[in-house]
Protein chains: 2
Amino acid sequence: MPSRTTPAKPRRRRVGRPAGDDGDLRDRLLDAAAVQFAATGIAAASLRTIAQAAGVTPAMLHYYFGNKDALVRALVGERLLPNVRPLVETLASAGETPLEVAQAFAQGVSAIVATLPWLPALWVREVLCEGGALREFVFREVMPSLPQVLTRRFEAARAAGQLAPGIDPRLMVASLVGLTLFPAAGAPIWQKAFGMPGLDMPALMSHTLALLGHGLATPSTEKPR
Amino acid sequence: MPSRTTPAKPRRRRVGRPAGDDGDLRDRLLDAAAVQFAATGIAAASLRTIAQAAGVTPAMLHYYFGNKDALVRALVGERLLPNVRPLVETLASAGETPLEVAQAFAQGVSAIVATLPWLPALWVREVLCEGGALREFVFREVMPSLPQVLTRRFEAARAAGQLAPGIDPRLMVASLVGLTLFPAAGAPIWQKAFGMPGLDMPALMSHTLALLGHGLATPSTEKPR
DNA sequence: GTTTAAATTAATCATTGAATTAATTTAAGG
DNA sequence: CCTTAAATTAATTCAATGATTAATTTAAAC
């Protein structure tokens with residue numbers, strides 16, 4: 001039993017440079033920041049909380065990044081963009097038919113989610129919503145290309161008679177994001193609150209691709225009246 | 001030109017009960033709060049900013065609502081739920097085929113957006129995302145019914161052979177929200193950044209219903225190889 | 001060994017935000 | 001008219017947050 005006079009917090013680190021080689025602290029701080037930013041939004045996430053999650057003092061965030069804004073920029077530059085850019089480049093040429101393009105998109109999102117589980121929530125909150133803190137920055141970096149690349153591909157498909165009537169090529173980006181990235185951002189909700197434990201990315205992907213492939217009605221019941 | 005010694009801010013209200021009958025201030029505060037909450041997220045929206053947008057002092061928020069939490073509850077109780085509940089009730093019986101149910105859903109969302117333009121962004125940010133401030137509260141009030149009602153309807157349709165193969169009835173809620181409410185939350189983005197001025201709710205709705213009706217490939221090019 | 005650089009904490013500061021209170025003005029009721 | 005209640009602002013308080021600095025410990029370099 002610890003003596004009553006020495007509070008002796010269990011594993012409290014002493015002041016000074018640590019013995020063990022903690023050379024990866026910067027990475028751990030970025031990870032903690034990503035999780036916290038995605039969970040509560042960037043504005044609502046305090047540096048104290050992030051530092052605490054990484055087991056250090058908020059002064060370390062100042063030491064490694066300078067200030068909160070620079071931390072956000074580092075996260076975007078070193079984690080977000082490097083993982084999103086390959087997808088954008090892939091989509092410029094992947095697949096032939098519209099459905100194949102959509103499949104490539106869904107697969108790319110699925111891959112990103114597998115490595116960065118916090119990305120969908122952060123993207124939805126801070127990039128896609130009005131007033132999101134990352135909108136300007138991200139749009140300048142990746143997005144000028146992504147929507148236009150995809151739109152051009154779907155427009156070409158329509159010109160070639162490969163796109164179903166009534167589908168707006170320009171709106172396909174919104175539809176694809178809404179069907180893949182967005183559900184991933186709320187996965188815990190759909191899972192727990194709706195009592196569906198089987199909702200993982202593979203299940204979501206096959207469902208979504210079926211929907212994109214032939215819609216939701218069976219041919220026999222379509223327009224029955 | 002105003003004299004230099006009297007700053008005399010133009011239309012600064014004097015202290016005390018106002019002459020004109022401003023009996024609707026409480027409503028205006030709720031409106032300003034809704035807009036601000038949707039624009040930056042609840043946590044990041046300051047009472048100062050909300051009060052300023054309504055042209056009054058933050059003390060008025062305390063006067064009418066008590067504290068920020070009560071303001072949020074009032075907004076949910078008096079603006080959100082009354083506008084969302086009718087949709088939930090409609091969906092319990094509207095339409096016959098899955099496509100008709102989806103159409104009723106899309107139309108309901110469209111109607112809500114017309115009256116409360118700020119709702120999609122607020123809903124996506126604070127209800128659907130992990131860590132959203134309204135999740136617990138809203139889920140206890142409306143959501144226990146909405147997803148289950150819709151899921152049951154799509155499951156019945158599948159049992160009746162009206163649902164296309166590969167479609168998961170439980171995931172349809174996520175798909176519908178992702179195709180309707182979610183794009184509405186980011187409408188200004190799709191519009192401005194993608195150079196598509198024609199993106200309004202009617203256009204989005206017809207596109208989405210076409211997608212849900214028959215998928216995105218023309219029958220002739222489906223499975224070409 | 002001694003010196004120097006790196007990494008870390010504790011402590012502090014300034015700013016902002018939510019919450020509260022006292023004072024003030026006007027409307028309404030008798 | 002006089003009194004009372006309602007609505008509003010200015011000013012203040014308290015907690016939390018981002019930012020910063022000085023002190024401290026260890027590793028590395030010579």
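The shown structure was predicted, so the numbers you read here are calculated from the model rather than taken from an experiment. Proteins get letters first, then strands, A, B, ... in listed order; numbering begins at 1 in each. Only this structure's heavy atoms are used, side chains among them; waters, hydrogens and symmetry mates stay out.
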Between [N] atom [atom2] and [X] atom [atom1], what is the distance in whole Å?
X: B:Ile42; N: C:dA18; atom1: CD1; atom2: P; value: 12 Å
X: A:Phe37; N: D:dG18; atom1: CZ; atom2: C1'; value: 12 Å
X: B:Asp69; N: C:dG17; atom1: CG; atom2: P; value: 18 Å
X: A:Lys68; N: C:dT16; atom1: NZ; atom2: P; value: 14 Å
X: A:Met60; N: C:dA10; atom1: CE; atom2: C1'; value: 13 Å
X: A:Tyr64; N: D:dA19; atom1: OH; atom2: P; value: 18 Å
X: B:Leu25; N: D:dA6; atom1: CG; atom2: P; value: 16 Å
X: A:Gln36; N: D:dT17; atom1: CD; atom2: P; value: 11 Å

Next on the checklist: Side-chain N or O of A:His62 versus OP1/OP2 of D:dA19: is the shortest distance under 4.0 Å?
Outcome noted: no
Next on the checklist: If you compare every side-chain N and O of A:Tyr63 against the phosphate oxygens of C:dT9 (OP1, OP2), does one of them come in below 4.0 Å?
Outcome noted: no
Measure from the side-chain N and O atoms of [X] to the backbone N and O of [Y], and report whether any donor-acceptor pair falls under 3.5 Å.
X: A:Glu126; Y: A:Ala133; answer: yes
X: A:Glu130; Y: B:Ala38; answer: no
X: B:Arg153; Y: B:Leu91; answer: yes
X: B:Lys68; Y: B:Leu61; answer: no

Checklist entry - Contact class for A:Ala45 (heavy atom, under 4.0 Å): base, sugar-phosphate, or nothing? => result sugar-phosphate
Please list, one pair per line, the donor and acceptor atoms closer than 3.5 Å that link side chains of residues 71-85 of chain B to other protein atoms, with sequence neighbours excluded.
unit_1: B:Arg73; atom_1: NH1; unit_2: B:Asp69; atom_2: OD2; d: 2.7
unit_1: B:Glu78; atom_1: OE1; unit_2: B:Arg26; atom_2: NH2; d: 2.6
unit_1: B:Glu78; atom_1: OE2; unit_2: B:Arg26; atom_2: NH2; d: 2.4
unit_1: B:Arg79; atom_1: NH1; unit_2: B:Asp31; atom_2: OD1; d: 2.4
unit_1: B:Arg79; atom_1: NH2; unit_2: B:Asp27; atom_2: OD1; d: 3.3
unit_1: B:Asn83; atom_1: ND2; unit_2: B:Arg79; atom_2: O; d: 2.8

Checklist entry - To the nearest 0.5 Å, what is the distance between CZ (A:Arg125) and CG (A:Leu122)? => result 9.0 Å
Checklist entry - Where the side chain of A:Ala59 is defined as all heavy atoms beyond and including C-beta, which of D:dT21, C:dA18, D:dG18 is the nearest nucleotide? => result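 Selected nucleotide (nearest to the side chain): D:dT21.
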Checklist entry - For the side chain of B:Leu47, counting heavy atoms from C-beta on, which of D:dT17, C:dT8, C:dA18 is nearest? => result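 Of D:dT17, C:dT8, C:dA18, C:dA18 is nearest to the side chain of B:Leu47.
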Check the interface with nucleotides 12-14 of chain D: list each N/O to N/O pair with the protein under 3.5 Å, or write none.
none

Item to check | Sequence-distant partners of B:Ser46, side chain to side chain contact (heavy atoms under 4.5 Å, CB included), two or more places apart | outcome: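 Listed in chain order: B:Arg48, B:Thr49.
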Next on the checklist: Reading DNA chain D from 5' onward, which residue's closest nucleotide shows up sooner: A:Ser46 or B:Thr57?
Outcome noted: B:Thr57
